[in-house]
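Right, one structure below, let's go through it.
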Amino acid sequence: MPDYALMNQCLYEGKAKDVEQMTKDALAAGRSVKEVLEEGLIAGMSVVGEDFKHNILYVPEVLIAARAMKAGMAVLKPLLTAGGQSSSTGRLLMGTVRGDLHDIGKNLVCMMAEGAGFQVKDIGVDQSIEKFMAAADEFKPDVIGMSALLTTTMTYMKVVVDGFRAQGRDQVKFAIGGAPISQMFADEIGADGYGADASSAVDLFLYLVG
Ligand code: B1M
């Protein structure tokens, strides 16, 4: 059994190389991607989040922990995206909304959607409605997924949904997610659904492309 407590501690301390190696070792020991992701990486990041909230950790330390998390995710990426070669399930445009720089959760959603066969265009963080619209014009997505981690940026999701609807672009579906997002908020802003985590986000995308 991998020592997930140690892996969480290494992530907390931002030891990217150790996290990367432990992720490889856990997979080599036959542990599932889901287990390694949830118990090794996400669990470590939750402790970071708690200590960040209580001013035990500050932005620089959290950034370093995020880098370690990404090192582990890079090992998992080929496995999470495997099986998506046909890319015929649907087209997904993903971005984190304006003012928000958090991208770890969004990246996971993108990887898992790719693994489910979606063609994914990730436009990155801090994206304005103009950027979503320009990318949608070019990529012609079935679903637009938006991520927000801050209570101050989640309201921008409504700006994007309203902007598309105001132009009569009703055929594209909107899926939203991120730590402060709920189904109630999705209903409130007229989004087509909410994903609590990356795998329920993919279930939602599949449902939306019907
Ligand atoms: Co920030 N941060 N942060 N941060 N940060 C939070 C979000 C916070 C909750 C921490 C805390 O106080 N406990 C808090 C927000 C409080 C609030 O708004 N109520 C916070 C704050 C305050 C801030 C700053 C304002 C701090 C400051 O500067 N004083 C600042 C804002 C910067 C900005 O964006 N403008 C800031 C900065 C940062 C870093 C840059 C240091 C770093 C981000 C690095 C990066 O992403 N590249 C960071 C981090 C790492 C966090 C925490 C610790 C971890 C987030 C994370 O990656 N989690 C976070 C604490 C927390 O969330 N508990 C925190 C792991 C990830 C797998 O989970 O992102 O939730 P998550 O994604 C999940 C689901 O939410 C869902 O699926 C994912 C996988 O299961 N999901 C979707 C996400 N997006 C989806 C989209 C979908 C569907 C599902 O679309 C359909």
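- With sequence neighbours left out, the side chain to side chain contact (heavy atoms under 4.5 Å, CB included) criterion links Val62 to Val48, Phe52, Leu57.
- Both cation-pi conditions hold for Arg91 and Phe139: the charged atom is under 6.0 angstrom from the six-membered ring centre and inside a 45 degree cone around its axis.
- The number of heavy atoms from other shown groups lying within 6.0 Å of CE (Met184) does not exceed 12.
- By the rule that hydrophobic residues join a cluster once side-chain heavy atoms approach within less than 4.5 Å of another member, Leu6 and Leu11 end up as members of one cluster.
- Under the side chain to side chain contact (heavy atoms under 4.5 Å, CB included) criterion, Leu80 pairs with Val33, Leu76, Leu108, Met111, Met112, sequence neighbours left out.
- Within the 4.5 Å cutoff, no side-chain heavy atoms of Asp100 are placed close to those of Val125.
- Within the structure, every pair that satisfies the salt bridge (Lys or Arg N to Asp or Glu O under 4.0 Å) test and touches residues 6-15, not counting sequence neighbours, is listed here: Glu13-Lys15.
- Applying the salt bridge (Lys or Arg N to Asp or Glu O under 4.0 Å) test to pairs two or more places apart or on separate chains, those with a residue in residues 126-153 are Asp137-Arg169.
- Within the structure, salt bridge (Lys or Arg N to Asp or Glu O under 4.0 Å) pairs that include any residue of residues 170-179 do not occur (at least two apart or interchain).
- For the pair Phe118 and Leu206, the minimum side-chain heavy-atom distance is below 4.5 Å.
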Side chain to side chain donor-acceptor pair (under 3.5 Å), that's the test. Do Tyr12 and Glu61 meet it? Break it down for me.
CA-CA 8 Å; Tyr12 184 97; Glu61 290 113 318; over 6 Å; no
Which is it for Ser200 and Asp197 under the side chain to side chain donor-acceptor pair (under 3.5 Å) test, yes or no, and what are the steps along the way?
CA-CA 5 Å; Ser200 34; Asp197 54 34; 2.6 Å; yes
Side chains of residues 19-26: which donor-acceptor partners sit under 3.5 Å, not counting sequence neighbours?
| unit_1 | atom_1 | unit_2 | atom_2 | d |
| --- | --- | --- | --- | --- |
| Glu20 | OE2 | Lys24 | NZ | 3.3 |
| Gln21 | NE2 | Asp25 | OD1 | 3.0 |
| Thr23 | OG1 | Val19 | O | 2.6 |

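- Using a 4.5 Å cut-off between side-chain heavy atoms of Ile, Leu, Val, Met, Phe, Trp and Tyr, with links allowed through other members, Phe132 and Leu92 fall into different hydrophobic clusters.
- Residue Glu39 comes nearest to Asn8 through the heavy atom pair O-ND2, 3.0 Å, listed as atom of the first residue, atom of the second, then distance.
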